[in-house]
Protein chains: 2
Amino acid sequence: MITNKALRETKQRNAILGFLRNTRSHPTADQIYEAVRENIPNISKGTVYRNLQVLIDNGIVSVLDIRGTLSRYELKQETHYHFRCEACGRVCDLDEPVDRGLDDRISKRTGFIVSGHQTEFRGRCADCHRPSPKIHKES
Amino acid sequence: MITNKALRETKQRNAILGFLRNTRSHPTADQIYEAVRENIPNISKGTVYRNLQVLIDNGIVSVLDIRGTLSRYELKQETHYHFRCEACGRVCDLDEPVDRGLDDRISKRTGFIVSGHQTEFRGRCADCHRPSPKIHKES
DNA sequence: TTAGGTGCAAAACCTTTGCCATCCC
DNA sequence: GGGATGGCAAAGGTTTTGCACCTAA
């Protein structure tokens with residue numbers, strides 16, 4: 001969700017952004033905290049988390065593995081894609097055929113051993129098409 | 001990791017499996033717990049988690065959003081793929097071109113509003129090619 | 001001036017574990 | 001019998017929040 005609130009510039013926020021700009025390491029919140037702490041020794045983790053959330057809400061930062069998302073389980077089956085509704089949280093399977101060659105291509109290109117990949121689409125399901133970001137259900 | 005230990009059949013384990021077989025809802029651990037509790041009122045969450053782990057280790061169940069994985073942050077950028085090394089935990093960007101048409105195809109096929117997708121490859125990076133699952137580094 | 005930010009500490013949450021009794025093979 | 005499991009409760013680790021005090025604009 002993109003907020004319209006005024007975004008202030010603070011040394012803490014700038015430090016976090018500065019760190020993210022200068023790394024390619026996909027840091028965890030804790031790693032960001034430790035890094036920023038070198039310059040702002042008394043910054044708190046709460047501030048780091050709050051800032052990350054603000055930056056995410058404003059489309060400046062993104063998260064790998066949706067933050068705070070609960071793990072979800074399913075019986076193992078043929079690789080398939082998932083769709084997660086950003087409004088109601090529901091997760092469902094998609095029948096789009098999976099590109100099985102992708103793993104090999106990545107493997108050849110990088111020299112890494114690729115065991116597989118997982119793709120998740122985000123958006124709004126049929127029940128949540130309408131405007132207001134109401135939570136209809138959590139399934 | 002596929003273990004070779006004997007897999008016993010217990011009513012708790014069967015209940016969990018039975019529930020997973022009869023749902024398409026990608027339940028959370030808590031949802032599984034609540035469901036199974038209807039038949040086995042005094043089952044504990046620890047049992048649910050332990051069983052899920054055993055089933056995962058034996059390739060019977062899989063998880064969406066790697067369990068227990070810390071959130072990782074990065075500056076928002078052009079959609080790209082990630083690779084996560086299962087040995088050292090490192091995450092890195094891949095330069096494989098992203099299939100931008102995928103979102104549209106999914107949207108047309110499902111009628112859902114698709115805002116994007118996230119793909120993560122798993123495997124072993126160059127530093128971790130060798131046999132023993134040693135943890136080389138966590139970055 | 002004042003809404004947005006920050007520190008600190010406590011709370012909330014999800015998941016893992018230790019211990020010991022119990023059950024399946 | 002003996003190793004695999006289960007129940008319970010405590011511990012662990014990450015993320016969120018309440019509150020009172022700042023500070024950028």
Side-chain angles (χ1 to χ4, degrees), chain A residues 1-19 26-58 60-73 89 91 135 138, chain B residues 1-19 26-58 60-73 89 91 135 138:
Chain A
M1 134 256 304
I2 308 292
T3 56
N4 298 308
K5 282 198 291 186
L7 249 198
R8 255 179 219 176
E9 210 169 277
T10 65
K11 62 178 181 182
Q12 290 87 345
R13 188 162 294 164
N14 285 334
I16 292 171
L17 271 174
F19 177 64
H26 309 80
T28 62
D30 192 62
Q31 289 171 330
I32 295 171
Y33 168 68
E34 290 300 342
V36 170
R37 209 145 71 100
E38 289 178 12
N39 296 310
I40 309 176
N42 69 326
I43 191 175
S44 73
K45 268 194 183 172
T47 295
V48 172
Y49 278 109
R50 264 185 298 229
N51 271 306
L52 287 172
Q53 188 54 58
V54 169
L55 294 170
I56 290 167
D57 290 347
N58 285 75
I60 299 167
V61 166
S62 49
V63 207
L64 286 60
D65 280 345
I66 292 316
R67 205 171 42 104
T69 296
L70 300 181
S71 299
R72 284 168 175 277
Y73 305 82
V91 174
I135 303 304
E138 171 71 43
Chain B
M1 137 255 302
I2 309 291
T3 56
N4 298 309
K5 281 195 297 186
L7 247 199
R8 270 184 203 171
E9 212 169 276
T10 65
K11 62 176 179 180
Q12 291 87 345
R13 187 162 295 165
N14 284 335
I16 292 172
L17 271 174
F19 177 65
H26 308 81
T28 61
D30 192 62
Q31 289 171 331
I32 295 171
Y33 168 68
E34 290 299 342
V36 171
R37 209 146 71 101
E38 290 179 13
N39 296 309
I40 308 175
N42 69 326
I43 191 175
S44 73
K45 268 194 185 174
T47 297
V48 172
Y49 279 109
R50 262 184 299 229
N51 270 305
L52 287 171
Q53 188 56 58
V54 169
L55 294 170
I56 291 167
D57 290 346
N58 284 76
I60 298 167
V61 165
S62 49
V63 207
L64 287 59
D65 281 343
I66 292 314
R67 209 170 39 103
T69 296
L70 299 182
S71 299
R72 285 168 175 275
Y73 305 83
V91 173
I135 304 302
E138 169 71 42

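For the numbers below, each heavy atom of this structure counts, side chains included, while hydrogens, waters and symmetry mates do not. In what follows, every chain begins at residue 1, and chains take the letters A, B, ... in the order their sequences are listed.
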Participant: Begin with the C-alpha distance, continue with both residues' side-chain angles, and end with the deciding distance and a verdict on side chain to side chain contact (heavy atoms under 4.5 Å, CB included) for A/D30 and A/V48.
Facilitator: CA-CA 9 Å; A/D30 192 62; A/V48 172; over 6 Å; no
Participant: Specify the separation, in whole Å, of atom CG of B/L64 and atom P of C/dC14.
Facilitator: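 Taking atom P of C/dC14 as the reference, CG of B/L64 is at 17 Å.
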Participant: Have a look at B/N51 and say if it touches a base, only the backbone sugar-phosphate, or nothing, with a 4.0 Å heavy-atom cut-off.
Facilitator: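 Sugar-phosphate, no base atom in range.
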Participant: What is the distance from CG of B/D57 to C1' of D/dT5, rounded to the nearest Å?
Facilitator: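 Atom-to-atom, B/D57 to D/dT5, this comes out as 15 Å.
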Participant: Main chain of A/V91, side chain of B/H26: is a donor-acceptor contact present, judged purely on distance under 3.5 Å?
Facilitator: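 Checked: pair present.
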Participant: Given atom CG of B/L52 and atom P of D/dG6, what is their separation to the nearest angstrom?
Facilitator: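 Result: 11 Å.
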Participant: Measure from OH on B/Y33 to C1' on C/dC13 and round the result to the nearest Å.
Facilitator: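 Rounding to the nearest Å, OH of B/Y33 and C1' of C/dC13 are 15 Å apart.
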Participant: So, do A/Y73 and B/I56 sit near enough that their side-chain heavy atoms are less than 4.5 Å apart?
Facilitator: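 Yes - at least one pair of side-chain heavy atoms lies under 4.5 Å apart.
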Participant: In whole angstrom, what separates B/R72's CZ from D/dG13's C1'?
Facilitator: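 Roughly 15 Å, once rounded to whole Å.
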Participant: Rounded to whole Å, how long is the line connecting atom OH of B/Y49 with atom P of D/dG12?
Facilitator: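 Roughly 18 Å, once rounded to whole Å.
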Participant: For DNA chain C, which residues in residues 8-15 of chain A have a heavy atom at a distance below 4.0 Å?
Facilitator: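 Within this stretch, A/R8, A/T10, A/Q12, A/R13 sit under 4.0 Å of the strand.
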Participant: Could you report the tightest heavy-atom contact between A/V63 and B/S71, atom names first, then the distance?
Facilitator: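 Result for this residue pair: CG1-CB, 3.9 Å.
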Participant: Decide yes or no, distance alone: a donor-acceptor N/O pair under 3.5 angstrom between the base of C/dG18 and the side-chain of B/R50.
Facilitator: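 Under the 3.5 Å cut-off, the side chain and the base do form a donor-acceptor pair.
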Participant: Do B/Q12 and B/V36 have side chains that approach each other closer than 4.5 Å (heavy atoms only, starting at C-beta)?
Facilitator: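 They are not in side-chain contact.
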Participant: Within residues 39-48 of chain A, find the residues that approach DNA chain D with a heavy atom at under 4.0 Å, and present them sorted by residue number.
Facilitator: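 Those residues whose heavy atoms fall under 4.0 Å from DNA chain D, taken from residues 39-48 of chain A in numerical order, are A/G46.
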Participant: So, does B/R72 use its side chain to make a donor-acceptor pair with the main chain of A/P27 at under 3.5 Å?
Facilitator: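 Between the backbone of A/P27 and the side chain of B/R72 there is no qualifying donor-acceptor contact (under 3.5 Å).
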Participant: What is the distance, rounded to the nearest whole Å, between atom CD1 of A/I56 and atom C1' of D/dT16?
Facilitator: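 Distance check: A/I56 CD1 to D/dT16 C1' gives 13 Å.
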Participant: Tell me, do A/T47 and A/R13 make a side-chain contact under 4.5 Å, heavy atoms counted?
Facilitator: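 A side-chain contact under 4.5 Å is absent here.
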Participant: Just wondering, do B/I16 and B/I32 contact through their side chains at under 4.5 Å, heavy atoms?
Facilitator: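 Yes; the side chains approach each other to less than 4.5 Å.
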Participant: Taking CD from A/E34 and C1' from D/dG13, how many angstroms apart are they, rounded to a whole number?
Facilitator: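 Atom-to-atom, A/E34 to D/dG13, this comes out as 14 Å.
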Participant: Is there a donor-acceptor pair closer than 3.5 Å between any side-chain N or O of B/E34 and the backbone N or O of B/Q31?
Facilitator: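 Not a single qualifying donor-acceptor pair exists.
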Participant: Respond yes when some side-chain nitrogen or oxygen of B/T28 is under 4.0 Å from OP1 or OP2 of C/dC14, and no when none is.
Facilitator: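 Negative; the distance criterion is not met.
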